[in-house]
Amino acid sequence: MTLITKTPDLKAFCERAAASSYIAIDTEFVRETTYWSQLCLIQVGLEDEAVAIDPLAEGLDLQTFFELLENQNVIKVFHSGRQDIEIFYHLTGKIPTPIFDTQIAAMVCGFGESVGYDVLVQKYTKISIDKSSRYTHWGQRPLTEKQLAYALADVIHLRVIYEKLHAKILTDDRLHWLDDELGILKDPGTYAIDPYAIWKKIKVRSAKPRMLAILREIAAWREITAQKRNVPRGRVIRDEVMIELSAASPRSLHDLSRMRGLSTSFIEGADGKSILKLIEQAHSLPLEDCPQVKKDDPSPPGSAALVEMLRLLLKIKSEKYHVAPKLIATNADLETIARSPDPIVPALEGWRLEIFGNAALALKTGKVAIGIKNNKISLIPLD
C-alpha cells in the first residue's frame with residue numbers, strides 16, 4: 001500500500017497516471033462540524049497501480065494532481081461522484097474532465113436506481129467489501145494499514161467495474177445516453193450555491209409573500225454566515241427558528257428576546273442586530289418583490305388515472321430496454337405530461353423521447369392503449 005505524502009512522489013505518480021487512458025478516483029472527507037468538506041484522503045487507481053494521497057500531509061502540494069484532473073486524455077472514473085467532484089470544484093474552481101460515473105452507468109445498464117458500490121463489486125468481482133472502516137475518522141493521523149486497505153479497495157475494484165460497464169455501454173450503443181446524464185455532473189451550476197434560493201428548500205405551511213420575504217433574507221444571511229465561519233448551517237440558526245422568526249417578525253431586541261431557540265449572546269450580539277435589520281429590509285420591499293408561491297392549476301379530469309397509466313408504461317419500457325425507470329422519467333415528468341397541454345420535460349427529449357416519450361404522448365392522446373397481448377402487457381395501437 002502506497003501513501004503519498006511528499007510532493008516529488010506525487011509528481012512522479014501523476015506523470016505515470018497521465019499516460020493511462022483512465023484513473024479511478026475516490027475521496028474520504030469529514031463534514032460533521034464544518035460547512036465545507038475537509039478533504040482527508042484521495043485514492044487513485046491506475047490499470048496496474050493504486051495509491052492514496054494525503055492532502056493533510058505537511059508541505060504536500062496538490063497542484064500536479066489538480067492538473068491531472070484537467071488532463072483531457074485521461075478519463076476520471078467515480079462512483080456516485082457528485083460529492084467528490086464538488087470538493088475538487090471548490091478547491092480549484094474547475095470540474096474534473098472528462099468524467100465517467102459508474103453509478104449512473106449502472107443505471108443506464110439496467111441495475112436500478114442509485115445502485116450501491118458494494119452491489120457492483122459483488123457482481124463484477126465476486127468479492128464482499130469489508131465495511132468495518134466506513135465510519136472511521138479520516139481526519140485523524142496516523143492512518144492505520146486497515147484504513148488504507150479499506151480506502152484503496154474502493155478504487156481497486158472501481159477499475160474492474162468501469163471496464164465492465166464501459167464495454168457493455170459501447171456494445172449496447174448507449175454512450176450518448178450516459179453523456180446526457182453526466183451533463184449534470186459537468187455543470188458548474190450543480191455545485192454553485194445561491195444563498196437567496198436556499199429558502200425554497202425549507203418547508204413552510206404559510207405561503208404569505210411577506211413572511212417568505214423575511215425567510216428568504218434570513219436564510220441567505222445564514223448561508224453566507226455559515227460559509228464565512230465554515231460551520232454547519234444549523235450552528236448559525238436552525239430551520240425551525242428561522243420559520244418562527246419569519247412568522248413572528250420581531251422588530252426590536254425585546255421582541256427578539258421572546259423568541260425560542262436563540263441564545264442570549266446571539267440576541268444581544270451582532271447576529272441579533274443582523275436579524276432585525278433583515279426583517280426591516282423585508283418589510284420595506286414592495287409586495288410584488290416578495291416571493292410569490294404559484295398555486296397549481298386544477299388538474300384536468302382523468303389526469304390522476306393517466307399518471308398511473310404512465311407509471312405502468314414506464315415500467316414496461318424500463319424492463320424492455322433494461323434501464324432504471326428513474327433515468328427515463330421522474331414522477332414530476334409523468335405528472336407534467338399528464339396535466340400540461342404542452343409538456344416540456346427531459347422525458348420528452350433525446351433518447352428518452354425515442355424509448356418512452358413518444359409512447360407516453362400516444363397514450364395520452366388515445367392513440368395507443370395498454371393491454372394484454374400474447375400473455376404479455378403490451379402497447380396496443382388504436383384506430
Side-chain angles (χ1 to χ4, degrees), residues 1-7 9-10 12-14 16-17 20 22-34 36-58 60 62 65-66 68-69 74-91 96 99-106 111-112 114-166 185:
M1 292 181 292
T2 300
L3 177 64
I4 295 178
T5 60
K6 304 293 184 183
T7 301
D9 295 336
L10 178 58
F13 171 75
C14 289
R16 297 194 299 275
S20 299
Y22 72 87
I23 57 175
I25 304 175
D26 190 31
T27 67
E28 306 298 342
F29 57 88
V30 293
R31 196 176 186 173
E32 288 81 3
T33 60
T34 60
W36 305 107
S37 298
Q38 180 188 16
L39 181 60
C40 298
L41 199 67
I42 306 168
Q43 305 95 276
V44 185
L46 312 183
E47 289 91 335
D48 56 359
E49 181 181 7
V51 304
I53 303 167
D54 186 358
L56 302 183
E58 185 177 356
L60 180 64
L62 294 174
F65 176 72
F66 293 151
L68 177 63
L69 293 179
V74 182
I75 298 172
K76 291 80 189 177
V77 180
F78 299 89
H79 179 83
S80 187
R82 179 165 176 165
Q83 284 188 304
D84 303 313
I85 295 171
E86 180 182 40
I87 291 172
F88 294 133
Y89 176 72
H90 285 299
L91 285 174
I99 59 175
F100 186 103
D101 191 299
T102 55
Q103 185 177 74
I104 296 175
F111 277 88
S114 303
V115 61
Y117 179 70
D118 53 342
V119 173
L120 295 178
V121 172
Q122 180 64 41
K123 166 70 176 179
Y124 288 120
T125 71
K126 310 304 180 186
I127 295 174
S128 296
I129 296 177
D130 177 8
K131 300 180 182 180
S132 60
S133 297
R134 174 171 290 185
Y135 296 106
T136 190
H137 194 305
W138 293 101
Q140 295 179 347
R141 293 296 184 271
L143 295 170
T144 66
E145 288 192 5
K146 183 177 181 181
Q147 286 176 304
L148 288 174
Y150 168 85
L152 286 172
D154 284 344
V155 292
I156 290 171
H157 302 316
L158 188 56
R159 299 176 303 188
V160 178
I161 294 170
Y162 163 71
E163 291 176 355
K164 297 288 188 180
L165 288 175
H166 187 252
L185 295 180

Could you walk me through whether Phe88 and Ile42 pass the side-chain contact (heavy atoms from CB on, under 4.5 Å) test, one step at a time? CA-CA 11 Å; Phe88 294 133; Ile42 306 168; 4.3 Å; yes
Could you give the distance from [atom1] ([X]) to [atom2] ([Y]), rounded to the nearest 0.5 Å?
{"X": "Asp84", "Y": "Ile99", "atom1": "CG", "atom2": "CD1", "value": "11.0 Å"}
{"X": "Tyr162", "Y": "Lys76", "atom1": "OH", "atom2": "NZ", "value": "11.0 Å"}
{"X": "Leu148", "Y": "Leu143", "atom1": "CG", "atom2": "CG", "value": "5.5 Å"}
{"X": "Glu145", "Y": "Leu152", "atom1": "CD", "atom2": "CG", "value": "11.5 Å"}
{"X": "Arg16", "Y": "Ile23", "atom1": "CZ", "atom2": "CD1", "value": "12.5 Å"}
{"X": "Arg82", "Y": "Gln103", "atom1": "CZ", "atom2": "CD", "value": "12.0 Å"}

Side-chain heavy atoms of [X] within contact of [Y], under 4.5 Å:
{"X": "Asp101", "Y": "Ile85", "value": "no"}
{"X": "Thr2", "Y": "Phe13", "value": "no"}
{"X": "Leu56", "Y": "Gln38", "value": "yes"}
{"X": "Ile161", "Y": "His79", "value": "no"}
{"X": "Ile53", "Y": "Leu60", "value": "yes"}

State, without any angle test, whether Asp54 and Thr5 hold a side-chain donor-acceptor pair at a distance under 3.5 Å.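 No donor-acceptor contact under 3.5 Å links the two side chains.
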Could you walk me through whether Leu3 and Leu41 pass side-chain contact (heavy atoms from CB on, under 4.5 Å), step by step? CA-CA 10 Å; Leu3 177 64; Leu41 199 67; 4.0 Å; yes
Test item: [X] side-chain N/O and [Y] main-chain N/O as donor-acceptor pair under 3.5 Å:
{"X": "Gln43", "Y": "Ala52", "result": "no"}
{"X": "Glu49", "Y": "Leu46", "result": "no"}
{"X": "Thr136", "Y": "Trp138", "result": "no"}
{"X": "Lys6", "Y": "Ala57", "result": "no"}
{"X": "Asp9", "Y": "Ile4", "result": "no"}

Check against ring-ring contact (aromatic ring centres under 6.0 Å, His included), Phe100 and Tyr22: CA-CA 9 Å; Phe100 186 103; Tyr22 72 87; 9.2 Å; no
Quick one: closest heavy-atom pair of [X] and [Y], and the distance?
{"X": "Gly45", "Y": "Arg159", "answer": "C-CD, 4.0 Å"}
{"X": "Arg141", "Y": "Cys40", "answer": "NH2-O, 2.6 Å"}
{"X": "Ser37", "Y": "Arg31", "answer": "OG-CD, 3.2 Å"}
{"X": "Ile25", "Y": "Val155", "answer": "C-CG1, 3.8 Å"}
{"X": "Ala17", "Y": "Leu68", "answer": "CB-CD2, 3.7 Å"}
{"X": "Gln147", "Y": "Pro142", "answer": "OE1-O, 4.2 Å"}

Without placing hydrogens or testing angles, list every side-chain donor-acceptor pair under 3.5 Å for residues 116-123, not counting sequence neighbours.
| from | atom 1 | to | atom 2 | distance (Å) |
| --- | --- | --- | --- | --- |
| Tyr117 | OH | Ala153 | O | 3.4 |
| Tyr117 | OH | Asp154 | O | 2.3 |
| Tyr117 | OH | Leu158 | N | 3.1 |
| Asp118 | OD2 | Lys131 | NZ | 2.8 |
| Gln122 | OE1 | Ser128 | OG | 3.2 |

Should Phe78 and Leu185 be marked as a side-chain contact (heavy atoms from CB on, under 4.5 Å) after you check the CA-CA gap, both sets of side-chain angles, and the distance that decides it? CA-CA 11 Å; Phe78 299 89; Leu185 295 180; over 6 Å; no
Hey, mind stepping through Leu39 and Leu91 against side-chain contact (heavy atoms from CB on, under 4.5 Å) and telling me if it holds? CA-CA 10 Å; Leu39 181 60; Leu91 285 174; 3.8 Å; yes
